[in-house]
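Beneath this line is the structure, given in structure tokens, with notes to follow.
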2 protein chains.
Amino acid sequence: MTEMKRPVTIQDVAREAGVSTATVSRVMSNPGIVAATTRAAVEEAIARTGYAVHHSARNLRRQRTGSIVALVPNLANPFFSQILSGVSATLSPRGYHLLIADTQNGPQAGGQLLHYLGHGVADGLILFDGTVERAHLAPGAGDRPLPPMVIACEWMEGLALPNVRVDNAAGARLAVAHLAGLGHRRIGHITGPAGNVLTEARIAGTRAALAQAGLETREAWFFAGDFSLDSGAFAAREWLAMAERPTALFCASDEMAAGFIGAVQAAGVEVPRDVSVVGFDNIEIAAHLTPPLSTVRQQRTTIGVEAARMVLGCIDGTVTGAPELVLPVELIARRSSAAPAA
Amino acid sequence: MTEMKRPVTIQDVAREAGVSTATVSRVMSNPGIVAATTRAAVEEAIARTGYAVHHSARNLRRQRTGSIVALVPNLANPFFSQILSGVSATLSPRGYHLLIADTQNGPQAGGQLLHYLGHGVADGLILFDGTVERAHLAPGAGDRPLPPMVIACEWMEGLALPNVRVDNAAGARLAVAHLAGLGHRRIGHITGPAGNVLTEARIAGTRAALAQAGLETREAWFFAGDFSLDSGAFAAREWLAMAERPTALFCASDEMAAGFIGAVQAAGVEVPRDVSVVGFDNIEIAAHLTPPLSTVRQQRTTIGVEAARMVLGCIDGTVTGAPELVLPVELIARRSSAAPAA
DNA sequence: TCGACTCTTGAAATCGATTTCAGACTCGGC
DNA sequence: GCCGAGTCTGAAATCGATTTCAAGAGTCGA
């Protein structure tokens, strides 16, 4: 048919249809202002040539890129896959692409970030990592206006950035209150990684709920974890070696809860007969574990959807300032938590 | 300091340094050919103005985009997160961005794909979804040369596309041989979604291994699943209702294995005492389940890394034709499989 | 002292689409 | 028959960087 060499440009279409490139462009982006007959001719030419707009060219002229970048601390962590799915589902219908950057938990996150900011790489940014150095975020750093940016899941104290998160402290309180309500008097906690805002919020919620229930807050019952399966299993070893064990544990992530349960059950301890466990996240497998895991549900898809909406809102100006959206959490009682043995 | 209005362009830097834009450009992309003193002046000017190259402009001129798109069937599936992590880790140091498109398992995958092909959106494409309509992939469809493309995890029979995958049939054979070796005579299989190439390869491997071991291949013992936890639990209900049950099951995914085990254990059946189970994938939680899950290990990060390398190779011409890389798998025997009860 | 060469550098064309600006044309009303 | 308003269209400028081409400045040997 036509030559298959060089990709067809708007010039080719214009020539083919006997009009100017301006008209072709109008047919594509604002058909209404083009006369019906002309439009038909152009559309016919487009179809015949198989023309497709060249994004780089359009982006250059329009001064936008059509993509949003999501900065995640660790892409391998399945926790983010569902969130990103929500982001993607929101972005696609609005014509935006999703660019993913994995900071690999590294301190070079700042560098990564700088790379994306103001370089015309993306129109907006969703930050899922609260450990980025503040210096990089302060407007004026590098002398260049920063693109719209929202921070999701995590947040940064004292930094006025649009934000989507769940009510972490409330989740912790729900979990601990649940355990206390079952009759547990000795309740422990496996924490997230030190320094993380989520970790701190959940610890704070745990302490608050313990105090409210009039229970002891024993520091030895706070096991240091990092959200991972292995850190849960590690905490289990500490717990097993302990003289005076807590009878119930609230874990800051479902993965740690699963790691803990797996390890204690391998040691012959039974859940929930010997120890009750509550997780956080409600990952999909939680309901299928043995025993099914009681947990605090966090709607990950919704987080992604709302974060994406928020950036888009910032971009088109319908969202201004630094709104904060705190999503509710919910306790899901399953079989891993029960009244303590008499 | 300087005005904070408009982002600084290469023109500004050129003016600041008293050179032409050509020289500034050379300093950035090929410093060697610029005189040392001039180069220093330009670098100084770049630092002073905080200049950063505008990607759309560069891309337009260079006729590349600097990004690779990964088309995944379902981003919410954590199976892909580790693969994508490998892709990202390989792409970043080479200066490429990772663009992610979620086809949402929909038939519109073709449309999605078309959107990315030849539109100057990406320099290459990694396809993790084998269900794309072939018509969209045939070079010449739409009259435009297709960008480099590799298909990973899955593949398409009779389509000569660069390909990275694991040896699925061998994995199935390993699993079944392992169960047969333990003494099981009645071995069943929970399959993946119908029509999927992975499903078919694993079924074929299962049948081959059963035949080789001289065991019966009973159709009733092939449970239809779709890789999901719930489908594993569903198969468990069928299995429980069965008069003559297989004593061992090979599941085409760890998630189905976990769903199966969770459901039968909830019904009072013990694993591996009453039934042995082997999964496929070796997802991270497999080792922490109760009992720890025996499975066929599939190196997901490696798949991502190799797929990314392959596209990059196609782009820079070091890879030609349609190479196929079949990664080995490995059986990991844990506690969910044991000799059948006497 | 005069080419022949190399080394640097800048002017200008280029990538492909969008958009402004103004011109051409139509139509209705007076 | 003329004028103004309204419609539609094309020429050309523009987005910001890269790269070709050629020219100017030295260098070196004969």
Side-chain angles (χ1 to χ4, degrees), chain A residues 5-43 45-46 49-66 95 115 118-123 144-145 147, chain B residues 5-43 45-46 49-66 95 115 118-123 144-145 147:
Chain A
K5 316 289 290 182
R6 178 181 47 78
V8 24
T9 74
I10 199 173
Q11 308 275 357
D12 303 324
V13 178
R15 195 176 321 116
E16 184 83 9
V19 300
S20 74
T21 63
T23 299
V24 177
S25 176
R26 283 190 274 255
V27 168
M28 306 214 74
S29 53
N30 192 359
I33 65 169
V34 176
T37 54
T38 315
R39 190 190 327 147
V42 171
E43 280 165 349
I46 290 177
T49 55
Y51 170 70
V53 52
H54 188 292
H55 280 243
S56 293
R58 162 180 289 181
N59 290 343
L60 173 57
R61 182 60 231 234
R62 287 204 180 155
Q63 293 293 76
R64 45 103 65 175
T65 70
H115 176 77
H119 287 44
V121 176
D123 299 332
R144 187 192 354 280
Chain B
K5 315 291 289 185
R6 177 180 50 79
V8 24
T9 74
I10 199 172
Q11 308 276 358
D12 303 324
V13 178
R15 196 177 320 115
E16 185 83 7
V19 299
S20 74
T21 62
T23 300
V24 177
S25 176
R26 282 189 276 255
V27 168
M28 307 214 73
S29 53
N30 191 1
I33 65 169
V34 175
T37 55
T38 315
R39 191 192 325 148
V42 171
E43 280 165 350
I46 289 176
T49 54
Y51 170 70
V53 53
H54 188 291
H55 280 242
S56 293
R58 163 180 288 183
N59 291 344
L60 173 58
R61 182 60 231 233
R62 288 204 181 154
Q63 293 292 76
R64 46 102 66 177
T65 69
H115 175 77
H119 288 42
V121 176
D123 299 333
R144 186 191 355 280

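Protein chains get the first letters and strands the later ones, always in sequence-line order, with residue 1 at the start of each. Side-chain atoms are counted along with the backbone in the values below, which use heavy atoms only and exclude waters and symmetry mates.
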Exercise. Scan B:A35 against the nucleic acid and name what it touches under 4.0 Å (heavy atoms): base, sugar-phosphate only, or nothing.
Key: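 Sugar-phosphate contact only - B:A35 comes under 4.0 Å of backbone atoms but never of a base.
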Quiz item: Hey, does B:S25 reach any base, or is it just sugar-phosphate, or nothing, if we go heavy atoms under 4.0 Å?
Solution: base
Quiz item: Does any N or O donor sit under 3.5 Å from an N or O acceptor when you compare the side chain of B:R26 with the base of C:dG10?
Solution: yes
At what distance, to the nearest 0.5 angstrom, does [atom1] of [X] lie from [atom2] of [Y]?
X      : Y     : atom1 : atom2 : answer
B:S29  : B:R58 : OG    : CZ    : 7.0 Å
A:M28  : A:Y51 : CE    : OH    : 5.5 Å
B:D123 : B:R62 : CG    : CZ    : 11.5 Å

Self-check item: Nucleotide nearest A:A22 when distance is taken to its side chain, options D:dA12, C:dA12, C:dT9
Solution: D:dA12
Quiz item: Can you tell which of C:dG16, C:dT9, D:dG10 lies closest to the side chain of A:T9?
Solution: C:dG16
Measure from [atom1] on [X] to [atom2] on [N] and round the result to the nearest Å.
X     : N      : atom1 : atom2 : answer
B:R62 : C:dC15 : CZ    : C1'   : 13 Å
B:N59 : D:dT18 : CG    : P     : 10 Å
A:R64 : D:dG16 : CZ    : C1'   : 18 Å
A:Q11 : D:dG10 : CD    : C1'   : 13 Å
B:H55 : D:dT18 : NE2   : C1'   : 14 Å
B:N30 : D:dA17 : CG    : C1'   : 15 Å
B:R61 : D:dT20 : CZ    : P     : 7 Å
B:Q63 : D:dT20 : CD    : P     : 14 Å

Between [X] and [N], is there a side-chain N or O to OP1/OP2 distance below 4.0 Å?
X     : N      : answer
A:T23 : D:dG10 : yes
B:S20 : C:dT9  : no
B:Y51 : D:dG16 : no

Practice problem: Between B:L60 and A:V24, just flag the one whose closest nucleotide in DNA chain C comes earlier from the 5' side. | Solution: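 It is B:L60 whose nearest nucleotide is closer to the 5' end.
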Practice problem: Measure across B:A122 and B:P147 and return the closest heavy-atom pair with its distance rounded to 0.1 Å. | Solution: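 For B:A122 versus B:P147, the nearest heavy atoms are O-CB, 4.5 Å.
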Quiz item: For DNA chain D, whose closest nucleotide is more 5', that of B:R58 or that of A:R39?
Solution: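 The answer here is A:R39.
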Self-check item: Side-chain touch A:H54/B:L60, heavy atoms, less than 4.5 angstrom
Solution: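 With C-beta onward as the side chain, the pair touches.
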